[in-house]
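Notes follow once the structure below has been shown.
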Amino acid sequence: MSQDAACLVFLVFCGGMAAQWVAWKFHLPAIVLLFGLGLLLGPGLGVLHPDELIGPLFHPVVSLAVALIVFEGGLALDFRQLGEAGEGVLRLTLVALPINWVLGSAAAHYVGGLTWGPSFLFGSIVVVTGPTVVLPLLRQAKLRPRIAAFLRWEAIVNDPIGAILATLVLEVLLMRPSEDTSVHFVSIFLHVVISLVVAIGLGVGGGWSVRELFVRDLMPETLKMPLLLTMALAMYGLGSLFMDGAGLAAATVFGMALANMKVPGLNELQRMKESLVVLIVSLLFILLTADLHRVVLERLSWSIFALTCAVTFLVRPLGIYLATLRSGLSTGERIFVGWIAPRGIVAAAVAGVSGIRLTEGGFADAEFVMPAVFAVIAATMLLHGFSLRPLARKLHLTLSNVPALAIVGASPWSRDLAVVTQKAGTPVTVVDTSARALVPAKRAGVAVLHAEMLSEAGAESLEELPADYLITVTPDAIYNGMVCAHLMPHFGRARVYQVSPGIKRLDEYRGLSRDARGKVLGEPAWNFTLLDTLWQDGWRFRAEPVTEANMAVLAQASDERLDFLVLKPGSGFSIRSVEDGPSASLTEGDVLVSFMPPAVAP
């Protein structure tokens, strides 16, 4: 490997992971950090030139990577989500797209000063939002399921449609004067219809084939993930043979088909699939941004700045307003969707290729399409990336503004823990398969969920509630471990806990495997039987505010107190576990939730 290639691998992979970690640690939008890193390494310092290092394979590789991203996005499109969000999704994909195209094209002509040809091309490119930008933001924002479904479906479905629209505009603009206009339009229309039918057929057929292989146990576990990735790339390649953009449509439909055909074993691959997509998105953002040449940046002008402002502050909000008139969307949802529309990789890739072809076709101002699209991408990623979460909170579209807790198992002592924790300021949801066991918690003002957590319906219902941490406290240690293992991909391994299965069974070699259970709640000796016995003896939970006077006493361990949670009002909480090492130090203003005997508890 040459030194330049080694430098490319080091900067892109290490830089991308560093940016993702910083974004996670400090709750920042990762796409903005990746975008800035690419600008710094490419046009800024000039140390990274992907196009020169990779050569002619650069853009085909980018296209294949985008195909994997839209495939992964398609896997998230479950038709059951359309029950409540269906009207909004249809309006955003079928009504808003043409309106935004017309408005964007008019803005490019009257505000940006472009001729009508490049203006229509610009308008067709900026109608797409793109899953590469939207999906990472949705993972961080904790939006309500309905509004999240709006943005997710729009980004994934409009991506291939926008690419096809840009291809159509380009074909019409490059039509030779000698050609019969009516014949050419009919030919283009038939080409589009055939390409879309082929794309849908490829996607559905590919999904059915995979399902048959999985159901009939004709594919070993080690080959399932490679098969899915290969099939997604094959769908893209075959679709692209018919028309630019049809490949993206085929890959998207393939993912949607798998998501809705209930393919067995697909959920087990979810964590690996999401991790792969995070890596691909990191690489693409850095590579595509670093590949921008300074000459493109030098073409940025006040007219392009004005066009960017028009697209961001006028075109998108007005287009969504018109598309959602007399719809079931609330005012807050319309405002939010009208503002949040970050553009991403597909827009950049289409602009790069289309702008060059239009310039070669004799359109003098076509060279400004790429910098204009780049300006919109940069502005929307920065503005929407940083404003999505605050705006969602302002419009009450988030599940919770503070970390929340879910407790699976409604025993007397766990209900007491839920009530005390909720009164101390932390949102709590109690889950149980028995409706009768949930009644006392509901009467005390705690949110409840009557569901089986090992079912798809139960897991989906929990995702629609404010819950960032999970504690399983049923009498069955095996069931607790199964629930934790089942929900680990949603919460994260570090955020699922279960009541101790017992001192002997805690052995990671002979007892319950760490991969099959959550972290132990408290100490190994605090099993369900002990806690239930203490409750029968009169022990109760108590929330004790930490002050300067009692901080030293509360920081010391005591046989007369079992410390479970440390609440930090307004910012979060920590759950005590022997597997986390030493307990977090208490600070003034914290609230310590402990289990205490009747002589101490009020």
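Quick caveat: nothing in here was measured; it's all calculated off a predicted structure.
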Contacts of Y110 meeting ring-ring contact (aromatic ring centres under 6.0 Å, His included) (sequence neighbours excluded), chain-then-number -> W116
By side-chain contact (heavy atoms from CB on, under 4.5 Å), M482 pairs with (sequence neighbours left out) L454, I478
So side-chain hydrogen bond (donor to acceptor under 3.5 Å, both in side chains) across residues 314-325, not counting sequence neighbours, yields E154-R316, T324-R334
Here the salt bridge (charged side-chain N to carboxylate O under 4.0 Å, His left out) pairs for residues 57-71, sequence neighbours left out, are none
dist I147:CD1 -> T398:OG1 (nearest 0.5 Å) comes out at 11.5 Å
Rounded to the nearest 0.5 angstrom, the CD-CD1 distance for E333 and I320 is 12.5 Å
So CG of L228 and CZ of F71: to nearest 0.5 Å the spacing works out to 5.0 Å
R91 side chain vs A323 backbone, donor-acceptor pair below 3.5 Å: yes
Taking atom CZ as the centre, does F336 end up with more than 12 heavy-atom neighbours from other residues, nucleotides or ligands that are less than 6.0 angstrom away?
yes
H109 (side chain) donor-acceptor with S119 (main chain) under 3.5 angstrom: no
Separation between CE (M256) and CH2 (W153), nearest 0.5 Å, reads 4.0 Å
Residue set satisfying salt bridge (Lys or Arg N to Asp or Glu O under 4.0 Å) with R216, at least two apart, ordered chain then number -> E212
Residue set satisfying side-chain contact (heavy atoms from CB on, under 4.5 Å) with L229, at least two apart, ordered chain then number -> L68, M225, L276
